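All remarks here apply to the structure that follows.
What you see is a predicted model, and the numbers here were worked out from it, not measured in a lab.
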Amino acid sequence: MSNTLYIIIIIAIASIFLAAYLVLRKQYEKKLRVILKNVNQLRKTHFLKADEDDLAPDVVGEINQSLREWEEEHTKEYEKLKNMDSYRKEFLGNVSHELKTPLFAVEGYIHTLLDGGIDDDEVNIVYLQKASKSLDRLTSIVNDLESISRMEAGEMIIDWRTFNLNDLIRDVIEAHELRALEKRIVLTTSIPEDKQIYVYADKERIRQVLDNLMVNSIKYGRENGNTDISVSETDADYIVHIKDDGIGIDEKHLPRLFERFYRVDKHRSRSEGGTGLGLAIVKHIIESHQQRITVQSKYSEGSVFSFSVKKST
């Protein structure tokens, strides 16, 4: 067989293989394009951006890229859901603990009275008073939870009105002077008494904000310390600052400070009383006014809570 014949046979075989390769490639590429289209459609149904008509020549590479992007998006979504589930479990655990504490206390006092304590004049009134105090705490927790639920559902009605914020601040300071006196904390304001600070907001809700922040300031203030309220302003808003020289807050706690039932020092916080919902309520009230609240604090040096209120026009 001549060399020419060998060459012809080799060329023929190579041509057959090439033709078969091209046919198979076309068939598989067609199938891969269908797969890519399905992947993109699936991504599209998961609210991810995809253009199923823009198919690159490198179909396999495009599929790999599409799947990698999908994996990244779903990894982020999974982490978000995992964090939300963790928060949900923590919240339910906190609610359970906060409700069980006063319930168990009431149960203990009632059983003691039923077991004979009711006939002891030195015990019965004291235990009834303690049971009443625990029930008051339980009622406060339920009421605060109900308030937050209404706020989150957008059911809180804002009673917009114009009022002098300076007068309200002085009313709040006066209302908390006795509580502050017990810890020898001095409450002051650097606002001139005759300064007119007219704002447009819900007066009673802003009073609630000031009350909560003032109570926290006294609760975590140092004996012989000071809490001062001042006001600055921007073109559209007044900014109220409540500054104390108390125990302060470690920086790691600041991002979660306004969460429901979040306590920096759980043991100390519960011994000081309160529902653990005050700052969460404050945040909701301020946000319902389309305003903002911030906190600056250093451990052992004190804290400054600041919130904005719209100026009256």
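For the atom pair CG of L279 and CG of L213, the computed distance is 6.5 Å after rounding to the nearest 0.5 Å. Considering CD1 of I242 and OG of S306, their distance stands at 7.0 Å, rounded to 0.5 Å.
N166 contributes a side-chain N or O that, together with a main-chain N or O of P192, makes up a donor-acceptor pair within less than 3.5 Å. No donor-acceptor pair closer than 3.5 Å links the side chain of D245 to the backbone N or O of G302. Side-chain atoms of D244 never come within 3.5 Å of backbone atoms of S217 as a donor-acceptor pair (strictly under, hydrogens ignored). Remark: the backbone N or O of I249 is not paired with any side-chain donor or acceptor of E251 at under 3.5 angstrom. Side-chain atoms of S132 do not come within 3.5 Å of backbone N or O of L128 as any donor-acceptor pair. Of the possible polar contacts, none joining the D250 side chain to the Y299 backbone as a donor-acceptor pair under 3.5 Å is found. Side-chain atoms of N164 do not come within 3.5 Å of backbone N or O of Y198 as any donor-acceptor pair. Between the side chain of R179 and the backbone N or O of K219 there is no donor-acceptor pair closer than 3.5 Å.
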### Task
Check the pair F307, D237 against side chain to side chain contact (heavy atoms under 4.5 Å, CB included), reporting the backbone distance first and the verdict last.
CA-CA 10 Å; F307 66 91; D237 305 316; over 6 Å; no
### Residues R161, K203; criterion side chain to side chain contact (heavy atoms under 4.5 Å, CB included); working and verdict
CA-CA 7 Å; R161 66 175 69 182; K203 184 176 181 179; 4.1 Å; yes
### Message
Test side-chain hydrogen bond (donor to acceptor under 3.5 Å, both in side chains) on H176 and D211; report intermediate values, then the result.
### Response
CA-CA 8 Å; H176 291 279; D211 279 333; 2.8 Å; yes
### Task
Might you work through the side chain to side chain contact (heavy atoms under 4.5 Å, CB included) test for M214 and I229, ending with a clear yes or no?
CA-CA 9 Å; M214 188 65 74; I229 301 182; 3.2 Å; yes
### Task
Just do the side chain to side chain contact (heavy atoms under 4.5 Å, CB included) check on Q129 and I125 with the steps written out, would you?
CA-CA 6 Å; Q129 289 173 338; I125 297 300; 3.7 Å; yes
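Residue V231 is not grouped with residue I239 when hydrophobic side chains (ILVMFWY) are merged at heavy-atom distances under 4.5 angstrom, including chains of intermediate members. Hydrophobic clustering (ILVMFWY, side-chain heavy atoms < 4.5 Å, transitive): I293 and I206 are in one cluster. The hydrophobic clustering, which links ILVMFWY residues whose side-chain heavy atoms are closer than 4.5 Å, places V309 and I191 together. F258 and V240 fall within the same hydrophobic cluster, defined by Ile, Leu, Val, Met, Phe, Trp and Tyr side-chain heavy atoms under 4.5 Å apart, directly or through other members. Taking hydrophobic clusters as Ile, Leu, Val, Met, Phe, Trp and Tyr residues chained together by side-chain heavy-atom distances below 4.5 Å, L114 shares a cluster with L135.
In terms of heavy-atom proximity, S308 sits nearest to Q291 at OG-OE1, 2.6 Å. In terms of heavy-atom proximity, F163 sits nearest to D202 at CE2-C, 4.2 Å. The shortest heavy-atom contact between R222 and I247 is NH2-CA, 4.1 Å. Counting all heavy atoms, side chain and backbone alike, S190 lies closest to S230 at OG-CB, 3.2 Å. Between V304 and K243, the shortest heavy-atom distance links the atoms CG2-CG, 3.6 Å.
Note on ring orientation: taking the six-membered ring where Trp is involved, the planes of Y200 and W160 are parallel (angle under 30°, cut-offs 30° and 60°).
Under the side-chain contact (heavy atoms from CB on, under 4.5 Å) rule, F305 has a single partner from L257, T294, V282, which is L257.
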